[in-house]
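Letters go in sequence order (proteins before strands), and every chain restarts at 1.
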2 protein chains.
Amino acid sequence: MNDASMKDVATRAGVSTATVSHVINNSCNVREETKDKVNRAIKELNYRVNPTARKLRNGHSKIIGFVVSNLAHYFYMELGNAIESVLNKNGYELFYINSNENPEKEKAQLEMCRLENFAGIIVVPVNNNWKDLEPIISNIPTVFIDRKPNSIDRDVVLTTNKQSGFDLTCKMIEKGAKNIAFIAPQHDDTMQLRVDGFKNAMKSNNLEYDPECIIFCNKRPKIYGELAEDNDWINILDYVINEKHVDCIISGNDLFAFGAISYFNKKDIEIQKDILFGTFDDTFWMNNLNTEIYSVAQNKKGMGEKAAKLLLDRLNNEDYEYDEYCIEASILTLNKE
Amino acid sequence: MNDASMKDVATRAGVSTATVSHVINNSCNVREETKDKVNRAIKELNYRVNPTARKLRNGHSKIIGFVVSNLAHYFYMELGNAIESVLNKNGYELFYINSNENPEKEKAQLEMCRLENFAGIIVVPVNNNWKDLEPIISNIPTVFIDRKPNSIDRDVVLTTNKQSGFDLTCKMIEKGAKNIAFIAPQHDDTMQLRVDGFKNAMKSNNLEYDPECIIFCNKRPKIYGELAEDNDWINILDYVINEKHVDCIISGNDLFAFGAISYFNKKDIEIQKDILFGTFDDTFWMNNLNTEIYSVAQNKKGMGEKAAKLLLDRLNNEDYEYDEYCIEASILTLNKE
DNA sequence: TTGTATGCGTTATCAT
DNA sequence: ATGATAACGCATACAA
């Protein structure tokens with residue numbers, strides 16, 4: 001059985017399709033009596049507006065796309081949850097789309113969002129460079145979250161990266177660290193800020209940092225286990241530990257943190273006894289290590305909600321200037337003895 | 001600047017829209033020369049077919065929905081990856097949709113999939129009972145994965161649940177377990193099969209099982225940390241450990257496994273020394289516990305690919321009978337000493 | 001207050 | 001081989 005159309009409803013209610021449309025959209029004054037007739041017909045036929053037809057006519061839908069560089073990154077799922085709860089309350093549905101660290105895939109997906117007339121998108125970009133991508137999304141209300149492309153004028157929701165880098169480093173120093181390695185994934189704005197915070201904290205505490213212990217890996221693991229078997233990765237850690245003799249390692253994100261823990265386990269290095277460990281992101285799995293570590297807990301709920309609200313504002317044609325919003329993070333001590 | 005339409009292409013190429021359509025869809029013989037003209041115009045205008053209009057006209061799109069009971073469940077992300085790789089190769093795009101253990105949300109989302117004319121859907125259902133939901137998806141090619149609703153005739157992809165329950169239990173017994181508690185989440189077909197396997201294994205090994213140590217919790221944690229603070233949960237574990245004095249616990253899935261490990265850590269119970277631990281699902285975080293545990297590794301890649309291929313077959317109007325496909329799992333020893 | 005008619009961008013039928 | 005045209009379901013300008 002096919003879905004009922006507006007015409008069916010009109011016929012059944014004994015009115016025209018225009019009237020039905022008016023009832024549905026409140027676009028005209030309609031007599032209560034006819035309104036009732038129409039609503040009854042709608043119920044009886046279990047009629048739903050066909051969003052495809054509406055889209056074709058109106059040029060927009062009630063769908064928001066969440067285009068994420070790596071959905072397997074648990075952090076983004078948590079952002080998504082916060083985003084979704086706000087959007088759902090406002091009548092929008094969220095689709096999660098995985099660009100999987102693949103720029104071409106991302107491009108195709110953004111094009112799709114445009115062609116599908118999504119109401120808006122929230123994006124964790126794969127790369128900084130959006131020269132190619134900017135024209136694709138030029139007509140789509142867009143909010144970037146977690147990472148910010150260069151030279152593109154849009155709303156952005158970030159963490160207080162520099163401050164957190166500073167705070168986490170201070171925490172490690174307070175715990176006794178003197179010779180710290182900072183291991184970061186790709187070298188982008190976000191990571192640079194975190195490293196800047198690290199450097200400042202070292203200076204503020206009158207400690208030297210070894211530039212060779214600030215390492216940008218340019219690795220993009222797609223799943224958590226990936227680094228455990230990666231020789232480059234093992235070499236990097238071997239280097240800072242055995243040759244640089246660091247007493248503390250800070251990881252730039254949680255996939256890297258997982259890799260570091262794998263390494264420690266494999267090499268029988270005991271956290272707290274042999275080395276201190278701190279990381280950006282606090283993800284669930286860190287709470288079941290039976291050793292104390294320190295983490296930057298980004299305010300995922302705050303970030304997600306902010307991004308969703310910004311997008312809603314844009315959808316309602318609020319016209320203030322684009323801006324960058326930094327949501328404050330906090331430093332956690334996990335598995336405290 | 002607005003997107004170019006077919007009309008624009010037609011004008012530029014000096015032909016009719018019908019011809020353009022024929023070129024795009026290979027629906028008619030078109031002279032090479034005009035074909036070239038059209039293709040050139042398409043390139044010059046950067047024309048893309050408007051999927052909304054096409055959908056309205058044709059009644060279907062190239063989008064597949066992956067409607068998941070809980071996207072934060074890492075297992076489903078991994079299934080999604082496998083599904084996506086197969087579908088992408090065949091020209092389909094996958095949207096992840098989170099029903100978040102909420103039956104009403106799931107219903108609304110399925111309706112949306114229908115109204116949006118998705119080509120097909122792959123579903124991890126929230127509940128077994130699909131009386132309400134069946135009519136909604138009656139026209140949509142659908143494959144169920146991981147869980148199977150009652151009395152609905154569709155393709156289903158599952159794990160060898162009973163066999164795995166048997167194998168895992170045998171492994172635990174081999175490791176010295178005699179008095180085992182099986183702790184399962186909701187009481188559905190899947191869990192029943194796993195428990196059946198457990199019972200069979202006990203019998204085969206001439207061991208008694210205590211029916212009071214087979215516990216169905218009817219809890220649905222939405223995130224991994226949730227159980228750690230849950231008193232009901234703590235009571236259950238207190239009960240089997242302190243009153244029933246079990247020497248081994250088997251967990252029905254990985255969210256519960258995480259809760260169990262949290263409990264062990266909090267109570268200073270040492271796995272291997274004080275108790276043996278086995279679980280269904282092997283998820284990345286289990287590899288960083290520095291103690292040996294045993295897990296049922298479902299073949300996620302195999303399951304996802306099978307589901308995707310089944311759906312593709314249905315989309316191509318293959319008309320064999322609906323069936324249940326059980327993909328074999330294996331037993332892993334994690335963090336072997 | 002309600003109805004008629006048109007167009008959104010496609011595709012498919014039927015002419016030419 | 002190509003073109004004119006209707007139809008998909010809806011929303012709106014305008015007429016009644």
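- Distances shown here put every side-chain N or O of Thr19(B) at or beyond 4.0 Å from the OP1 or OP2 atom of dT2(D).
- Sorted by residue number, the members of residues 26-46 of chain B with any non-hydrogen atom under 4.0 Å from DNA chain D read Cys28(B), Asn29(B), Val30(B), Arg31(B), Thr34(B).
- Screening residues 71-80 of chain B for salt bridge (Lys or Arg N to Asp or Glu O under 4.0 Å), with sequence neighbours left out, gives Glu78(B)-Lys300(B).
- Pairs engaging residues 302-312 of chain A under the salt bridge (Lys or Arg N to Asp or Glu O under 4.0 Å) rule: Lys301(A)-Glu305(A) [sequence neighbours left out].
- Atom pair His60(B):NE2 and dA12(C):P shows a separation of 9 Å (rounding to whole Å applied).
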For residues 33-40 of chain B, dump all side-chain donor-acceptor pairs below 3.5 Å to protein atoms at least two apart in sequence or in another chain.
from     : atom 1 : to       : atom 2 : distance (Å)
Glu33(B) : OE1    : Arg31(B) : NH1    : 3.4
Thr34(B) : OG1    : Arg31(B) : O      : 2.8
Asn39(B) : ND2    : Lys35(B) : O      : 3.3

Table of protein N/O atoms under 3.5 Å from nucleotides 6-9 of chain D N/O atoms:
from   : atom 1 : to       : atom 2 : distance (Å)
dA7(D) : N3     : Arg57(B) : NH1    : 3.3
dG9(D) : N2     : Ala53(A) : O      : 3.4

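- A straight line from NZ of Lys55(B) to P of dA12(C) spans 17 Å, rounded to a whole angstrom.
- Here side-chain hydrogen bond (donor to acceptor under 3.5 Å, both in side chains) pairs that include residues 315-325 of chain B, with residues two or more places apart or in two chains, are Asp313(B)-Tyr320(B).
- With 3.5 Å as the limit, one finds a donor-acceptor pair spanning the side chains of Asp188(A) and Gln186(A).
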With a 3.5 Å cut-off and sequence neighbours excluded, list the donor-acceptor pairs that the side chains of residues 85-93 of chain B form with protein atoms.
from     : atom 1 : to        : atom 2 : distance (Å)
Ser85(B) : OG     : Ala82(B)  : O      : 2.9
Asn88(B) : OD1    : Lys105(A) : NZ     : 3.2
Asn88(B) : ND2    : Tyr92(B)  : O      : 2.9
Asn90(B) : ND2    : Val86(B)  : O      : 2.9
Glu93(B) : OE2    : Gln109(A) : NE2    : 3.1

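- Applying the salt bridge (Lys or Arg N to Asp or Glu O under 4.0 Å) definition to pairs two or more places apart or across chains, those involving residues 5-20 of chain B are Arg12(B)-Glu44(B).
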Side-chain donor-acceptor contacts of residues 119-133 of chain B below 3.5 Å, not counting sequence neighbours, with atom names and distances?
from      : atom 1 : to        : atom 2 : distance (Å)
Asn129(B) : OD1    : Lys131(B) : N      : 3.0
Trp130(B) : NE1    : Asn127(B) : O      : 3.2

